[in-house]
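A note on names: the letters A, B, ... follow the listed sequences, proteins ahead of strands, and every chain is numbered from 1.
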Amino acid sequence: KAGVTQTPRYLIKTRGQQVTLSCSPISGHRSVSWYQQTPGQGLQFLFEYFSETQRNKGNFPGRFSGRQFSNSRSEMNVSTLELGDSALYLCASRGSFDEQYFGPGTRLTVT
Amino acid sequence: DQQVKQNSPSLSVQEGRISILNCDYTNSMFDYFLWYKKYPAEGPTFLISISSIKDKNEDGRFTVFLNKSAKHLSLHIVPSQPGDSAVYFCAVRLNDMRFGAGTRLTVKP
């Protein structure tokens, strides 16, 4: 099976802009979660989608949003970018035993 | 919201010795615990897990121990190999997955 894919891999944006990141889970996986990784903060949970519905949400401002499509692909959107949004954004699809399979991430740099 | 804490940001061990990575959590309702390994420029990869009904799970060189009364989780790697050098994250699951900040393990030849 192909693994979790994320596009783009790298992105540079300016403060105030918005960005959309994409994630395709492992075939057959219906749950997709998004995480933000910054140095010293580990992986911070953003949200989880299952069958096109947001199932859980972390403690991030409303500028961070997401959605999932009928083919389980998911997108994450960040509006009005701030410098502090610079991070590695990871998505993961969930296996049968709750283990997460992560994609390689999208490195977002906000200048 | 520090529900999961990895208090050691880094650990260095000699090849062949035991590596012990620690993790503390705050919520006794967590019922599933996992360890992930992350190499640079890659996403984390699942390593080993344990459910709250067990206190030990072993997979080759990797063993995870769970002490529910202390709300403490540990990962033992023995013998440690240079290829084990990576950042290790512990994670807990209730409704969603929560990760610690990670511990960078360096195994010296």
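The hydrophobic clustering, which links ILVMFWY residues whose side-chain heavy atoms are closer than 4.5 Å, places V92(B) and F47(A) apart. A continuous path of Ile, Leu, Val, Met, Phe, Trp and Tyr side chains, each step under 4.5 Å between heavy atoms, connects L73(B) with L11(B), placing both in one hydrophobic cluster. The same ILVMFWY cluster, assembled from side-chain heavy atoms under 4.5 Å apart, contains both W34(A) and V19(A). Linking ILVMFWY side-chain heavy atoms closer than 4.5 Å, directly or via other members, places F60(A) and Y89(A) in a single hydrophobic cluster. Hydrophobic clustering (side-chain heavy atoms under 4.5 Å, transitive across Ile, Leu, Val, Met, Phe, Trp, Tyr) groups V13(B) together with V64(B).
The CZ atom of F45(A) sits 10.0 Å away from atom CZ of F99(B), with the distance rounded to the nearest 0.5 Å. Summarising the geometry, atom CZ belonging to F89(B) is positioned 11.5 Å from atom OH belonging to Y35(A); distances are rounded to the nearest 0.5 Å.
At a heavy-atom separation below 4.5 angstrom, chain A is approached by Y32(B), L34(B), Y36(B), K38(B) within residues 15-38 of chain B. For residues 68-84 of chain A, heavy-atom neighbours of chain B at less than 4.5 Å comprise no residues at all.
Contact of P44(B) with chain A is made through backbone and side chain together, with heavy-atom distances under 4.5 Å.
Summarising the local packing, NZ of K5(B) is surrounded by 12 or fewer heavy atoms from other residues, nucleotides or ligands at distances under 6.0 Å. Heavy-atom neighbours of R63(A) CZ from other residues, nucleotides or ligands within 6.0 Å: above the threshold of 12.
Between chain B and the options K57(A), E48(A), Q37(A), heavy-atom pairs under 4.5 Å are most frequent for Q37(A). Counting heavy-atom pairs closer than 4.5 Å to chain A, the top residue among M97(B), R93(B), E42(B) is R93(B). For chain B, the option among L90(A), V4(A), L43(A) with the highest count of heavy-atom pairs below 4.5 Å is L43(A).
The list of salt bridge (Lys or Arg N to Asp or Glu O under 4.0 Å) pairs with a residue in residues 101-111 of chain A, not counting sequence neighbours, is empty.
Residues passing the salt bridge (Lys or Arg N to Asp or Glu O under 4.0 Å) test with R9(A), sequence neighbours excluded: none.
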